[in-house]
Amino acid sequence: MKVIQKTIGIIGKTILGIFIFLFLYAISVFLISKITVNSDVSQKGKEIEIFILSNGVHTDIVVPVTTEIKDWSTEILFAQTASKDSLAHYLAFGWGDKGFYLNTPTWSDLKASTAFKAAFNLSTSAMHTTFYNNLNEGENCKKIRISTEEYQRLIAFIEESFQWDANHKVQWISGHSYGNRDAFYEAKGSYNLFYTCNTWTNNALKAAGQKASLWTVYDKGILNHYP
């Protein structure tokens, strides 16, 4: 009887601890995401257009395919997409959990094991890239103008997120895509409750000296700073 009571007590304390953790986590996510960094940055007179693109949950950083500073098509190859269309003007980068990316094309495909590994730092990561011809500004697509120097810092951040092979080439994950104009690549780091796809996007903006949250894990934590 005492063993049963002790077991029930442990289970009760564990459940309570989980609820307290989740409550504090949710409060922290909400409050810290409201804190703006680089709030005084200006876009005036800056020559390069980039975008923050959200699907309502996940965010990408979108950059020009080609500028005088960087030609991404020499590394992220058009030939590695199903369409092989080389006329795109923009390229989106979205970092995330590899298991989630490759095994969950739709929410109905989500498995508990995939979610658990992603939440608790038990999986590897991948970079999802998508080519676009045009982007339309709106609630989930924000345009930002940045300087050459700021873009160079953004480039360095994005490049550092990839895994490179011995020949300094990105490692394409063949046989996986969501459509005709996207591809996946091996990336560095692990997704978890405190570092999500949106944390990566937020950190990319901070690396480029742009407005961002002090810390966030969800897309609105970024977009709310760009009304």
Side-chain angles (χ1 to χ4, degrees), residues 22 24-44 46 48-64 72 76 90-98 100-101 104 107 115 118-119 121 125-132 134-147 149-162 178 182 184-185 187-227:
L22 292 175
L24 294 176
Y25 176 80
I27 292 296
S28 298
V29 166
F30 178 76
L31 293 178
I32 298 176
S33 69
K34 298 290 186 182
I35 302 172
T36 308
V37 298
N38 302 321
S39 58
D40 58 347
V41 67
S42 173
Q43 298 183 34
K44 292 182 179 179
K46 296 183 178 179
I48 298 171
E49 290 183 354
I50 66 169
F51 297 82
I52 308 165
L53 181 64
S54 174
N55 65 5
V57 177
H58 166 92
T59 51
D60 288 348
I61 288 286
V62 188
V63 301
W72 287 104
I76 310 301
Y90 299 101
L91 178 60
F93 293 91
W95 179 94
D97 179 77
K98 184 177 178 180
F100 188 93
Y101 263 153
T104 315
W107 286 108
N121 206 42
S125 61
M127 187 72 76
H128 183 226
T129 65
T130 309
F131 287 104
Y132 291 95
N134 296 291
L135 291 168
N136 296 317
E137 290 183 78
E139 183 179 349
N140 288 324
C141 184
K142 305 294 184 178
K143 182 172 70 175
I144 310 170
R145 298 190 68 86
I146 64 176
S147 68
E149 188 273 334
E150 290 166 343
Y151 187 42
Q152 288 172 329
R153 285 154 50 191
L154 178 61
I155 291 169
F157 179 88
I158 294 172
E159 289 181 334
E160 180 60 27
S161 300
F162 281 92
Y178 291 158
D182 66 310
F184 289 95
Y185 299 86
K188 296 178 183 177
S190 295
Y191 186 108
N192 58 64
L193 284 172
F194 300 95
Y195 196 99
T196 70
C197 53
N198 298 309
T199 312
W200 180 87
T201 299
N202 191 64
N203 285 356
L205 291 168
K206 288 198 285 187
Q210 303 307 300
K211 284 193 297 183
S213 292
L214 180 62
W215 169 73
T216 191
V217 298
Y218 70 119
D219 69 325
K220 294 300 185 291
I222 301 169
L223 297 176
N224 288 342
H225 296 281
Y226 292 88

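When reading the values below, keep in mind they use all heavy atoms of this one structure, side chains included, and skip hydrogens, waters and symmetry mates. Being a predicted model, the structure only gives us computed values, none of them experimental.
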### Query
Does a donor on one side chain sit under 3.5 Å from an acceptor on the other, for Asp219 and Thr59?
no

### side-chain contact (heavy atoms from CB on, under 4.5 Å) between Thr216 and Thr201, intermediate numbers included
CA-CA 10 Å; Thr216 191; Thr201 299; over 6 Å; no

### Task
Answer yes or no: does atom CD of Glu137 have more than 12 heavy-atom neighbours from other residues, nucleotides or ligands under 6.0 Å?
yes

### Query
Judged by atom type as modelled, is there a donor-acceptor pair below 3.5 Å linking the side chain of Lys206 to the main-chain atoms of Leu214?
yes

### Message
Applying ring-ring contact (aromatic ring centres under 6.0 Å, His included) to Tyr195 and Trp95, what does each step give before you reach the verdict?
### Response
CA-CA 11 Å; Tyr195 196 99; Trp95 179 94; 5.2 Å; yes

## Note on the structure
Tightest non-hydrogen contact, residues Cys141 and Phe51, listed as SG-CD2, 3.8 Å

### Task
Taking the side chain as every heavy atom from C-beta outward, state whether Phe93 and Ser161 have any atom pair closer than 4.5 Å.
no

### Non-hydrogen atoms of Ala204 and Ile61 that approach each other most closely
CB-CG1, 4.1 Å

### Task
Identify the heavy atoms of Ser213 and Ile222 that sit nearest to each other, and give their distance.
OG-N, 4.3 Å

### Query
Are Leu53 and Thr130 side-chain neighbours, meaning at least one heavy-atom pair lies under 4.5 Å?
no

### Query
Does a side-chain heavy-atom distance below 4.5 Å link Ser54 with Leu223?
yes

### Query
What class does the angle between the rings of Tyr101 and His128 fall in, given that below 30° is parallel, 30 to 60° is tilted and above 60° is perpendicular?
tilted

### Task
Flag yes if more than 12 heavy atoms outside Tyr25 fall under 6.0 Å of its OH atom; otherwise flag no.
yes

### Task
Would you mind reporting whether Val41 and Gln210 have side-chain heavy atoms less than 4.5 Å apart?
yes

### Query
Taking the side chain from Asn198 and the backbone from Val57, do they hold a donor-acceptor pair closer than 3.5 Å?
yes

### Query
If every non-hydrogen atom of Val62 is compared with every non-hydrogen atom of Ala92, which pair is closest and at what distance?
CG2-CB, 3.7 Å

### Ring geometry between Trp200 and Phe157 (parallel below 30°, tilted from 30 to 60°, perpendicular above 60°)
tilted

#### Entry: From Gln43, Glu150, Glu49, residue fulfilling side chain to side chain donor-acceptor pair (under 3.5 Å) relative to Arg145
Glu49

### Nearest-0.5 Å distance that lies between atom CE in Met127 and atom NZ in Lys188
10.5 Å

### Query
Between the main-chain N or O of Ser33 and the side-chain N or O of His225, is there a donor-acceptor pair closer than 3.5 Å?
yes

### Query
Is there side-chain contact between Trp72 and Glu159, with heavy atoms separated by less than 4.5 Å?
yes

#### Entry: Heavy-atom side-chain contact between Phe194 and Val217 under 4.5 Å
no

### Task
Taking the side chain as every heavy atom from C-beta outward, state whether Ile155 and Ile158 have any atom pair closer than 4.5 Å.
no

### Query
Around atom CD of Glu160, are there more than 12 heavy atoms of other residues, nucleotides or ligands at under 6.0 Å?
no

### Message
Just checking Tyr191 against Phe100, ring centres under 6.0 Å apart?
### Response
no

### Message
Any non-hydrogen side-chain atom of Lys46 less than 4.5 Å from a side-chain atom of Tyr151?
### Response
no

